[in-house]
Q: 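Take this structure first; my questions come after.
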Amino acid sequence: MTTDLIIIGSGPGGYRAAEYAAAGGLSVTIIEEAHAGGTCLNCGCIPTKTLCRHAEVIETLRKAESFGLSGLSYTVDFARMMERKQQVVESLRQGVEGLLSKPGITFVHGTARFTGSNAVAVGDEEYSAPNIIIATGSKAKMLPIPGIDDSRVVTSTELLDITTLPQRLCIVGAGVIGMEFASIFNSLGCEVTVVEFLKECLPALDSDIAKRLRQTISRRGVNFLMQSAVKEITAEGVVYERKGKLGVVAADLILMATGRAARIDGLDLEKAGVKTERGCIVTDEEFRTTAEGVYAIGDVNGRMMLAHAATFQGLHVVNHILGREDHIRTDIIPAAIFTHPEAASVGTTEDACKEAGMAYECHKGYYRANGKALAMDETEGLVKVLTDSSRHIIGCHIYGAHAADMVQEVCSLMNVGATIDQMADIVRIHPTLNEILDMTH
């Protein structure tokens with residue numbers, strides 16, 4: 001079977017690219033070995049954020065008396081929560097399956113492998129196209145330590161399918177996945193301990209924001225063991241070394257949240273002439289690989305492991321194939337951590353500015369001085385906006401309620417090269433959290 005485009009993987013990068021390409025007149029074959037929607041929809045972003053919402057409701061109920069609601073009582077029905085999570089996933093998956101059944105798109109269920117530079121096989125079937133997009137995503141990394149095969153050790157995928165709440169949860173890794181699950185399971189009433197090798201959580205985030213967020217979550221009862229190296233998993237629990245001394249975290253369940261690796265196993269990339277480096281597919285700025293007509297988008301190229309990054313990389317590649325010009329800024333990618341409270345960022349950090357020795361200014365605004373934050377009883381939070389020597393916005397980092405929504409406004413302004421003075425001239429609704437941006441001028 002020959003089409004104009006083959007896409008391997010139906011996650012946010014793959015299925016959106018397929019829809020867009022078909023709308024642009026291309027015939028598309030999209031191949032998926034698991035469920036339509038990829039990791040994000042089935043065992044990543046969507047189910048996790050559904051549980052984040054459940055946790056948010058619990059945290060609101062805990063503060064009910066401050067809103068004049070007394071005598072409330074509730075019990076955590078974890079089975080019902082997981083049932084609702086699955087309903088959300090299946091509803092969205094059906095939507096993606098419907099999208100991939102549109103005219104111009106052929107959906108193939110199976111595992112793809114390259115047989116040449118412009119050809120792949122799925123089982124005994126051969127498919128060819130002048131253009132191929134690899135969008136196979138990523139998989140969880142596991143530490144190469146003794147005891148890693150212990151039945152209590154799970155990745156985020158398995159954790160999202162558990163049927164009973166653990167009394168004690170140990171999370172190895174304080175990145176986005178680790179922090180989100182720490183926040184969720186703390187709200188659900190679990191005893192949560194996070195073991196992290198680095199000095200601070202969320203290394204990609206501004207260190208000032210990361211520290212404040214960790215301290216806030218710590219005050220809720222999550223125990224953080226920073227600068228601690230996990231040595232092994234034993235019957236007693238997670239053995240770690242900190243400042244030359246060994247310790248053990250007793251746990252009923254152990255989440256490995258130590259990052260993700262590109263999913264390239266079994267693709268036979270060498271048959272297509274596609275090179276890899278440090279476990280990821282090598283691409284140029286147009287997301288072209290070393291093989292003519294073959295592209296790689298999303299987690300598999302290791303540039304920015306975020307669902308929305310994959311989506312827009314895919315749209316950019318399709319535009320390149322169609323000969324269309326676009327203005328997608330794949331160098332400006334916002335990100336969010338859906339803890340309670342949230343954190344979000346876009347652009348460079350203050351740490352990076354210092355390391356580069358560049359001239360910059362840091363502008364801050366605090367939630368506690370904002371009327372909407374006070375009305376919401378969400379006064380814990382900070383907004384940092386970074387500008388260069390010409391006052392153009394080069395970064396924004398926030399922790400606090402609705403941080404993800406707020407950072408999106410700054411991201412939009414960065415896309416058009418705005419200055420902080422231009423940001424100050426924007427009229428915002430009163431009262432809203434976005435007015436905190438006015439304080440940063």
Side-chain angles (χ1 to χ4, degrees), residues 1-42 44-46 91-109 112 118 120 122 127-138 263 274 281 283-289 291-335 408 411-412 415-416:
M1 182 177 179
T2 300
T3 51
D4 297 319
L5 173 64
I6 292 172
I7 301 173
I8 306 173
S10 69
Y15 78 74
R16 286 288 301 277
E19 177 190 33
Y20 186 59
L26 299 180
S27 56
V28 182
T29 299
I30 184 165
I31 304 166
E32 174 58 57
E33 67 177 6
H35 291 299
T39 295
C40 175
L41 193 160
N42 295 285
C45 323
I46 298 302
S91 175
L92 290 171
R93 185 193 299 154
Q94 289 171 9
V96 173
E97 289 170 347
L99 184 152
L100 296 179
S101 66
K102 288 184 176 181
I105 302 174
T106 301
F107 182 65
V108 178
H109 192 269
N118 297 106
V120 300
V122 179
Y127 301 86
S128 63
N131 298 288
I132 298 176
I133 298 175
I134 304 170
T136 48
S138 62
R263 193 185 297 275
V274 174
I281 295 176
T283 61
D284 64 11
E285 295 306 309
E286 301 296 332
F287 308 105
R288 294 175 293 200
T289 70
E292 183 69 28
V294 180
Y295 303 80
I297 63 170
D299 290 9
V300 77
N301 65 32
R303 287 172 174 261
M304 182 70 78
M305 289 190 172
L306 295 167
H308 46 284
T311 294
F312 280 88
Q313 288 176 15
L315 298 180
H316 183 70
V317 166
V318 173
N319 282 333
H320 187 264
I321 293 169
L322 292 171
R324 294 176 177 173
E325 183 182 2
D326 64 44
H327 301 285
I328 296 172
R329 293 288 302 272
T330 56
D331 60 321
I332 300 177
I333 305 291
Q408 195 66 63
C411 178
S412 299
N415 268 269
V416 295

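By convention here, the first residue in the shown sequence is residue 1.
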Q: Is any side-chain heavy atom of T39 less than 4.5 Å from a side-chain heavy atom of R263?
A: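 T39 vs R263: side chains touch.
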
Q: Look up atom CG in L315 and atom CD in E19, then write down how far apart they are to the nearest 0.5 Å.
A: 9.0 Å

Q: Determine whether T330 and F287 make a side-chain contact, defined as any pair of heavy atoms from C-beta on separated by less than 4.5 Å.
A: yes

Q: Which atoms form the tightest heavy-atom contact between G298 and A310, and what is the distance?
A: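 Closest approach of G298 to A310, heavy atoms only: CA-CB, 3.5 Å.
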
Q: Minimum heavy-atom separation for M304 to D299, with atom names?
A: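 Between these two residues, the closest heavy atoms are O-OD1, 4.3 Å.
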
Q: Do Q313 and T283 touch side chain to side chain, with heavy atoms closer than 4.5 Å?
A: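 No, every pair of side-chain atoms sits at 4.5 Å or beyond.
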
Q: Give the minimum heavy-atom separation between L306 and A335, together with the two atoms involved.
A: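 Scanning both residues completely, I find the closest heavy atoms to be CD1-CB, 3.8 Å.
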
Q: For Y15, does its backbone N or O pair with a side-chain atom of S10 as donor and acceptor, under 3.5 Å?
A: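 No; zero donor-acceptor contacts below 3.5 Å.
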
Q: If you define the side chain from C-beta out and look only at heavy atoms, does anything of E285 sit under 4.5 Å from R303?
A: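 A side-chain contact exists here, since the closest heavy-atom pair is under 4.5 Å.
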
Q: Any donor and acceptor pair, going by atom type alone, linking the side chain of H35 with main-chain N or O of L41 inside 3.5 Å?
A: no

Q: For a quick test of reading the model, state the closest non-hydrogen atom pair linking A36 to V96 and the distance between them.
A: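 Heavy-atom minimum between the residues: CB-CG1, 4.0 Å.
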
Q: Hey, is the main chain of V294 close enough, under 3.5 Å, to the side chain of T289 for a donor-acceptor pair?
A: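 Yes, the answer is positive, given that a donor and an acceptor are paired below the 3.5 Å cut-off.
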
Q: Would you indicate whether the side-chain heavy atoms of Y295 and H320 approach each other to under 4.5 Å?
A: yes

Q: Is the backbone N or O of S27 less than 3.5 Å from a side-chain atom of D4, with the two atoms forming a donor-acceptor pair by type?
A: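 Side chain of D4 to backbone of S27: a pair is present.
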
Q: So does I31 get a backbone contact from the side chain of H109, meaning a donor-acceptor N/O pair under 3.5 Å?
A: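 Between the backbone of I31 and the side chain of H109 there is no qualifying donor-acceptor contact (under 3.5 Å).
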
Q: Would you say that N118 contacts S128 through its side chain, given a criterion of any heavy-atom pair below 4.5 Å between the two side chains?
A: no

Q: Taking everything shown except E286 itself, do over 12 heavy atoms lie less than 6.0 Å from its CD?
A: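 For E286, atom CD is crowded (more than 12 foreign heavy atoms under 6.0 Å).
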
Q: How many angstroms lie between CG in N415 and NE2 in H327, if you round to the nearest 0.5 Å?
A: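 Answer rounded to 0.5 Å: 11.5 Å.
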
Q: Once rounded to the nearest 0.5 Å, what's the spacing between atom CG of L5 and atom CD1 of I321?
A: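 It is 5.0 Å, given to the nearest 0.5 Å.
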
Q: Does atom CZ of F312 have more than 12 heavy-atom neighbours from other groups under 6.0 Å away?
A: no

Q: Could you point out which residue of T29, I30, N131 forms a side-chain contact (heavy atoms from CB on, under 4.5 Å) with T3?
A: T29

Q: Do you see a donor-acceptor pair shorter than 3.5 Å between the side chains of Y20 and N319?
A: yes

Q: How long is the span from the CD1 atom in I7 to the OG1 atom in T106, to the nearest 0.5 Å?
A: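 Those atoms lie 11.5 Å apart.
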
Q: For C411 versus I332, what's the shortest heavy-atom pair and its separation?
A: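 What the structure gives for the nearest pair is SG-CG2, 4.0 Å.
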
Q: Quick check: closest heavy atoms across I105 and A18, and the distance to 0.1 Å?
A: CD1-O, 3.8 Å

Q: If you round to the nearest 0.5 Å, how far is OG1 of T136 from CD of E32?
A: 9.5 Å

Q: If you measure from CD1 on I134 to CD1 on I6, what distance do you get to the nearest 0.5 Å?
A: 11.0 Å

